[in-house]
Visitor: 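Attaching a single structure in C-alpha cells format; questions to follow.
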Amino acid sequence: MKRPEITWSLMHPTALDPDYVRKLVKKAAEYHVDSFEICGQCHTPYGGLDGLINYREYPSAFSNWDQEKVAENQKKLNEILSIAHAADKEVYLWHREVMIPPGLLNDIPELLDERGEFDLTGNAFANLVRYKLEKTLENVPELDGLVLTLTEADYSAIHNSNTDKYPPVEVVSFVISIFASELEKRGKRFIMRSFGSIAEDYECILAGAEHLEGRHKFEIETKITPYDFVPFLPPNPFLRKSPGFTLSAECDSVGEFMGQGNMPFEHVHNIVRYVREGQTADVDRFVIRLDRCGNCVFDLYELNYYAYARAIQEEKITADEIRQEWYDKHYPAQYRDVFIELDKIGWEMVCKTYFIDQHVLFHGNYCMKYLKAGFIFALFAEGRRTLANGKGVWSILADRKTPGRAAILEEKNRAVLLADKGLALLEKSNPSSDDFRWQLWRNAVVITRAVRELIRCIVSYFDDMEWEKPEHPHLKA
C-alpha cells in the first residue's frame with residue numbers, strides 16, 4: 001500500500017491566524033503531516049489572492065479596497081509561512097474565481113463583453129489572473145501553491161448567462177490553463193478543487209481539467225462525499241483519477257454538517273469508511289479539515305482525527321479497534337464507561353438534530369432562504385409522499401418518501417431526550433470542569449430544544465393549512 005501525502009486543511013472560514021498555526025505545528029509532531037491548506041476568509045472579498053493585493057495599478061479598485069486589511073493579510077500569511085516552513089510543512093492557499101473587487105470594472109471595462117456580461121475567455125480576464133498571481137507572489141513569495149475553486153464566487157465560470165458563447169467546459173479549461181502555466185513556471189504547486197453543488201459542476205470541472213492532459217501537471221482535489229460532508233450520502237462517483245493528474249480526497253473531521261464543533265460528535269465508523277473509499281480510488285493525498293468557525297478537532301473530539309491517521313496508516317484496522325486504542329490511552333478508568341456511552345448517544349442525538357430522516361435540515365443556518373432552497377418543506381407532506389421531485393437537490397435523498405409530520409416531531413423529541421440524558425450522565429460522573437464535553441453537552445440541551453421548536457412551528461403551519469378553517473389552533477398553541 002502506498003503512503004499518501006497528508007494535508008491539514010485549516011481556518012474554515014476564519015481570519016488568518018499565525019498563533020493557531022503555531023499551535024498546530026506543535027500538534028503535528030504527534031502525527032504524520034506533510035503540508036497545510038489554508039481556507040481563510042475565501043468566501044469574502046478579502047480571501048484568497050484578492051486579500052493579498054492592494055490593486056494600486058487600478059485607481060478605482062485601489063480607492064475602494066481596504067488597504068489596512070490587505071497589509072494585515074500579507075503580514076499574517078508571511079508569518080504563517082515562516083512558522084510552517086520552519087517545521088518543514090508546505091502551505092497552499094485557497095482561492096476562488098471569478099472574484100472582482102469593487103471598482104475594478106471601471107478600471108478594466110474590457111472585462112465585460114458587448115452585452116455587458118463578464119467575458120470569461122477574454123484577454124482582459126486572463127491578464128487579470130496573471131496580475132493577481134504576480135502581485136500575490138511578490139507580496140508572499142514563500143507561498144508554496146494554490147488551491148482553486150470555481151464555484152461560490154462573484155461570477156460563475158459554469159452557470160454563466162450565455163453558455164453558447166462561454167461553454168462551461170471551455171471556460172474551466174481556459175481558467176485552469178492560466179493558473180497552471182503561471183504557477184508551473186514559478187515552481188509552485190497547483191491544485192484544482194472540483195467542488196460543486198450539483199453533478200453538472202463536477203462534470204464541467206473534471207472535463208475542463210481533463211482537456212489539459214499532457215499540457216499541464218496538477219492535482220484534482222475532490223470531496224470524499226458528493227457535494228458536501230454529509231454521512232448519509234453515497235460514495236462520491238466523481239472521486240476518480242483523471243488521466244495525467246494526481247488525485248486528493250478532501251475530508252472533514254470536526255463535523256461541518258453535524259454541529260460544526262459545537263455538539264458532541266464522534267464518527268469513527270464514517271471516517272474509516274471514507275479512508276477506505278479514498279484508498280479504493282487510489283488517492284495520492286488526503287486533505288483533512290481540522291476546524292470549522294474557530295472550533296478545532298484537537299480541542300474537541302481528537303478521536304475523529306486519530307481515526308483518520310490510523311486508518312490511513314493501517315489498511316485493515318477497524319473502527320472498533322481504533323476506538324479501543326483511544327479508550328485505552330485517553331479515557332480514564334473511572335470515566336471510561338460514561339465517556340463511551342456519551343460518544344454513542346452523541347452520534348444519534350446529532351443526527352436527529354441536524355437532519356430530518358437523514359435529509360439535511362442544514363448546517364446551522366435555519367433562515368427561510370435555506371429552508372426553501374433545501375427542499376425542506378417538502379419533507380413535511382403527509383402520507384409517505386415521494387421525494388422524487390427533489391432529485392438534483394444534493395441534500396435530499398430523493399429515492400425516499402416523506403416520513404410524516406408525527407415521525408419528524410418524534411425524531412426531534414428523541415434528540416432532546418438524548419441531550420438531557422447525556423448531560424445527566426456527565427453531571428453524575430462529574431469529570432474535570434475543563435473537560436470539553438461539558439460545553440458540548442450544555443450546548444446540546446439548548447440546540448436540540450431550539451431545533452425542536454422550529455420544527456413544531458413548521459408542523460403546526462402545515463397542520464393548520466390542512467385544517468382549512470380561519471382558526472389556526474396549532475400555531476396558536
Side-chain angles (χ1 to χ4, degrees), residues 1-10 12 24 27-37 89 191 219-241 246-259 261 264-292 295-331 336 339-340 342-344 346-348 350-351:
M1 180 181 71
K2 72 178 183 183
R3 188 191 71 77
E5 180 182 350
I6 296 176
T7 298
W8 285 1
S9 190
L10 314 177
H12 289 268
L24 290 177
K27 190 67 181 178
E30 300 176 22
Y31 294 100
H32 181 93
V33 187
D34 297 288
S35 52
F36 299 144
E37 284 188 11
K89 314 295 183 198
I191 300 159
E219 184 162 287
I220 297 174
E221 181 177 316
T222 297
K223 283 190 173 180
I224 195 70
T225 45
Y227 315 117
D228 234 317
F229 298 119
V230 171
F232 306 117
L233 292 174
N236 191 346
F238 302 105
L239 183 70
R240 56 174 173 76
K241 279 277 179 77
T246 54
L247 174 67
S248 53
E250 185 184 6
C251 305
D252 173 47
S253 64
V254 81
E256 180 180 349
F257 281 77
M258 312 296 285
F265 174 56
E266 186 264 71
H267 68 135
V268 172
H269 54 294
N270 287 315
I271 289 168
V272 173
R273 172 167 60 91
Y274 296 154
V275 171
R276 300 296 173 246
E277 289 169 3
Q279 290 168 335
T280 298
D282 193 30
V283 301
D284 302 282
R285 187 168 66 108
F286 279 97
V287 181
I288 305 167
R289 294 194 190 186
L290 299 189
D291 52 49
R292 187 72 185 181
N295 293 323
C296 178
V297 71
F298 293 129
D299 298 324
L300 305 163
Y301 269 96
E302 184 175 344
L303 170 55
N304 287 341
Y305 183 77
Y306 180 79
Y308 275 113
R310 291 292 287 120
I312 292 169
Q313 180 185 48
E314 194 171 323
E315 64 178 349
K316 293 186 178 180
I317 197 168
T318 68
D320 286 343
E321 288 169 340
I322 291 171
R323 287 185 173 110
Q324 191 60 54
E325 287 182 358
W326 190 259
Y327 301 158
D328 292 344
K329 294 176 183 177
H330 299 284
Y331 285 10
R336 184 169 300 170
F339 285 178
I340 292 171
L342 289 173
D343 291 349
K344 291 177 181 177
W347 163 254
E348 182 186 355
V350 167
C351 291

Visitor: Can you spot which of V287, L239, V283 makes a side chain to side chain contact (heavy atoms under 4.5 Å, CB included) with T222?
Guide: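 That would be L239.
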Visitor: Is the backbone of E5 close enough, under 3.5 Å, to the side chain of D284 for a donor and an acceptor to pair up by distance?
Guide: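 No: the side chain of D284 does not pair with the backbone of E5.
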Visitor: Any donor-acceptor pair under 3.5 Å linking the side chain of R276 with the backbone of A311?
Guide: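 Yes; judged by distance alone, with no hydrogens or angles, the pair exists.
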Visitor: Closer than 3.5 angstrom, by distance alone: can the side chain of D291 be matched with the main-chain N or O of H12 as a donor-acceptor pair?
Guide: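 Between the backbone of H12 and the side chain of D291 there is a qualifying donor-acceptor contact (under 3.5 Å).
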Visitor: Using a 3.5 Å distance criterion without hydrogens, assess whether the side chain of R273 forms a donor-acceptor pair with backbone atoms of P231.
Guide: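 Yes: the side chain of R273 pairs with the backbone of P231.
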Visitor: State whether a side-chain donor-acceptor pair under 3.5 Å links D320 with Q324.
Guide: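 The criterion, which ignores hydrogens and geometry beyond distance, is not satisfied for Q324 and D320.
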Visitor: With a 6.0 Å cut-off on the ring centroids, do F265 and Y301 count as close?
Guide: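 Ring centroids of F265 and Y301 are no less than 6.0 Å from each other.
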Visitor: Can you list every pair that meets salt bridge (Lys or Arg N to Asp or Glu O under 4.0 Å) and has a residue in residues 300-312, with sequence neighbours left out?
Guide: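 Every pair satisfying salt bridge (Lys or Arg N to Asp or Glu O under 4.0 Å) with a residue in residues 300-312: K27-E302, R310-E314, R310-E325.
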Visitor: When you look at E250 and E37, which way does the side-chain contact (heavy atoms from CB on, under 4.5 Å) test go after all the steps?
Guide: CA-CA 11 Å; E250 185 184 6; E37 284 188 11; 5.6 Å; no
Visitor: Within a reach of under 6.0 Å around NZ of K344, are more than 12 heavy atoms found that belong to other residues, nucleotides or ligands?
Guide: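 Count not over threshold, so no.
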Visitor: Under 3.5 Å, side chain of N236 to main-chain N/O of I224, donor-acceptor pair present?
Guide: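 Side chain of N236 to backbone of I224, a donor-acceptor pair under 3.5 Å: no, none is there.
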Visitor: Check the angle between the aromatic planes of F298 and Y305 and answer parallel, tilted or perpendicular using the 30° and 60° thresholds.
Guide: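 If you compare the ring of F298 with that of Y305, the planes turn out perpendicular.
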Visitor: So, the side chain of S253 versus the backbone of R289: is there a donor-acceptor pair under 3.5 Å, distance only?
Guide: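 Checked: pair present.
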Visitor: Answer yes if the side chains of E219 and S248 hold a donor-acceptor pair under 3.5 Å, and no otherwise.
Guide: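 Yes, a side-chain donor-acceptor pair sits under 3.5 Å.
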